[in-house]
2 protein chains.
Amino acid sequence: MKLTSKGRYAVMALVDLARFNNLNPVSLRDISLRQGISLDYLEQIFSKLRKKEIVQSVRGTQGGYVLSKKAKEIKLTNILDAVDEKVKTLQCKKESKKGCNGRSTKCLTHNLWDELENHINNFFEKKSLDDLVKDNTEKRV
Amino acid sequence: MKLTSKGRYAVMALVDLARFNNLNPVSLRDISLRQGISLDYLEQIFSKLRKKEIVQSVRGTQGGYVLSKKAKEIKLTNILDAVDEKVKTLQCKKESKKGCNGRSTKCLTHNLWDELENHINNFFEKKSLDDLVKDNTEKRV
DNA sequence: TATATACTTGACTAAATTAGTCAGGTTTAT
DNA sequence: ATAAACCTGACTAATTTAGTCAAGTATATA
């Protein structure tokens with residue numbers, strides 16, 4: 001089980017953005033340089049973040065991205081959701097009709113994966129972008 | 001982020017095994033049929049479980065597998081560890097020397113992934129095979 | 001208004017991982 | 001003897017990941 005780069009990058013980029021957000025739009029180029037993430041890849045990621053209204057774009061020179069909401073209101077769930085980085089533990093949900101509907105001996109562990117999903121999502125619900133920025137500034141002070 | 005089939009199968013198979021463990025060794029063929037998992041794949045999985053001393057094999061006719069310890073003493077961590085289904089959130093740990101050692105602005109989110117790892121592992125530490133078997137028998141009664 | 005900066009979009013691809021299959025074994029109860 | 005069951009290693013198709021590449025559009029500013 002792993003968290004993929006796309007999800008990590010999205011969070012890293014947004015923390016970076018949030019720290020400079022007060023003043024001007026932040027360009028992907030800057031984020032790319034600071035965080036060491038490919039610019040082209042960042043563009044893909046921000047396209048998704050924009051569609052989910054987590055960031056807003058400002059075109060043209062001196063353009064870039066700004067947060068659509070306050071950092072406190074952006075939860076990790078929102079970010080990871082936006083880039084399709086969901087927690088998937090159950091296969092049987094997809095093919096809902098077959099097996100795993102309580103009758104058969106299959107999916108002895110159905111409840112377990114549900115619990116796990118909740119457990120993880122709970123973590124993501126609690127953490128806001130603001131929490132992460134604070135964690136970081138505290139550490140450097 | 002997803003839990004792969006190997007991990008799910010390992011847990012499913014062991015819950016199945018644990019339920020019949022009292023009497024005789026349980027053959028992979030039976031587990032394969034009951035849980036709908038390919039026999040060949042189960043053999044790979046059980047090879048790993050055996051190496052980590054979670055199960056013991058009994059060869060020959062009427063052979064199969066038995067738990068090495070009591071179900072209460074087998075935690076989910078142990079199972080998932082055995083089949084290499086660890087929680088991997090951080091890439092930067094691998095290439096330890098580069099970046100992410102506190103100096104650079106990289107890895108603003110380092111602590112976050114650590115926290116997440118702990119959060120998930122905590123869940124796996126608490127759950128024992130016995131818990132899962134009980135959950136299941138309770139449900140059917 | 002020319003131009004550089006920066007966002008926008010879609011197609012493409014190499015590498016890695018996953019989820020197995022396949023083909024051969026060896027062991028042992030009956 | 002023989003069938004049931006474990007044991008091992010090599011192989012592979014499909015999927016996912018982590019990008020790259022190309023060709024734009026929008027706009028601040030000199």
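Note that the structure is predicted; figures quoted are calculated from it, not measured.
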Taking [atom1] from [X] and [atom2] from [N], how many angstroms apart are they, rounded to a whole number?
{"X": "K48(A)", "N": "dA18(D)", "atom1": "NZ", "atom2": "P", "answer": "12 Å"}
{"X": "I45(A)", "N": "dT8(C)", "atom1": "CD1", "atom2": "P", "answer": "15 Å"}
{"X": "Q56(B)", "N": "dA5(D)", "atom1": "CD", "atom2": "P", "answer": "19 Å"}
{"X": "L42(B)", "N": "dT8(D)", "atom1": "CG", "atom2": "C1'", "answer": "16 Å"}
{"X": "I37(B)", "N": "dA19(C)", "atom1": "CD1", "atom2": "P", "answer": "12 Å"}
{"X": "N24(A)", "N": "dA6(C)", "atom1": "CG", "atom2": "C1'", "answer": "14 Å"}
{"X": "R8(B)", "N": "dT18(C)", "atom1": "CZ", "atom2": "P", "answer": "13 Å"}
{"X": "L80(B)", "N": "dT18(C)", "atom1": "CG", "atom2": "P", "answer": "13 Å"}

Are the side chain of S128(B) and the backbone N or O of D130(B) linked by a donor-acceptor pair below 3.5 Å? yes

Judged by atom type as modelled, is there a donor-acceptor pair below 3.5 Å linking the side chain of S38(B) to the main-chain atoms of Y41(B)?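 Pair found, side chain donor or acceptor close to backbone of Y41(B).
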
Has [X] got a side-chain N or O lying under 4.0 Å from the OP1 or OP2 atom of [N]?
{"X": "Y65(A)", "N": "dT8(C)", "answer": "yes"}
{"X": "R50(B)", "N": "dT8(D)", "answer": "yes"}
{"X": "S47(B)", "N": "dC6(D)", "answer": "no"}
{"X": "T4(A)", "N": "dA18(D)", "answer": "yes"}

Which nucleotide sits closest to the side chain of L28(A): dC7(C), dC6(D), dA19(C)? dC7(C)

Looking only at side-chain atoms of S5(A), point me to the closest of dC6(D), dG19(D), dA19(C). dG19(D)

What nucleic acid atoms does V55(B) come within less than 4.0 Å of, heavy atoms only: base, sugar-phosphate, or nothing? nothing

Indicate yes or no: at least one non-hydrogen side-chain atom of E43(B) is less than 4.5 angstrom from one of L39(B). yes

For a 4.5 angstrom cut-off between non-hydrogen side-chain atoms, does L132(A) reach L76(A)? yes

Residue list, salt bridge (Lys or Arg N to Asp or Glu O under 4.0 Å) with K127(A), at least two apart or on another chain: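 For K127(A), the residues satisfying salt bridge (Lys or Arg N to Asp or Glu O under 4.0 Å) (neighbours in sequence not counted) are E115(B).
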
Whether over 12 other heavy atoms sit under 6.0 Å from E73(A) CD: yes

Does the protein touch nucleotides 21-30 of chain C at the base, only the backbone, or not at all? Give it as B, S and - per nucleotide, heavy atoms under 4.0 Å. BB--BBBBB-

Give the C-alpha distance, both sets of side-chain angles, the deciding distance and a yes or no for side-chain contact (heavy atoms from CB on, under 4.5 Å) between F46(A) and L17(A). CA-CA 11 Å; F46(A) 272 75; L17(A) 194 162; 3.6 Å; yes

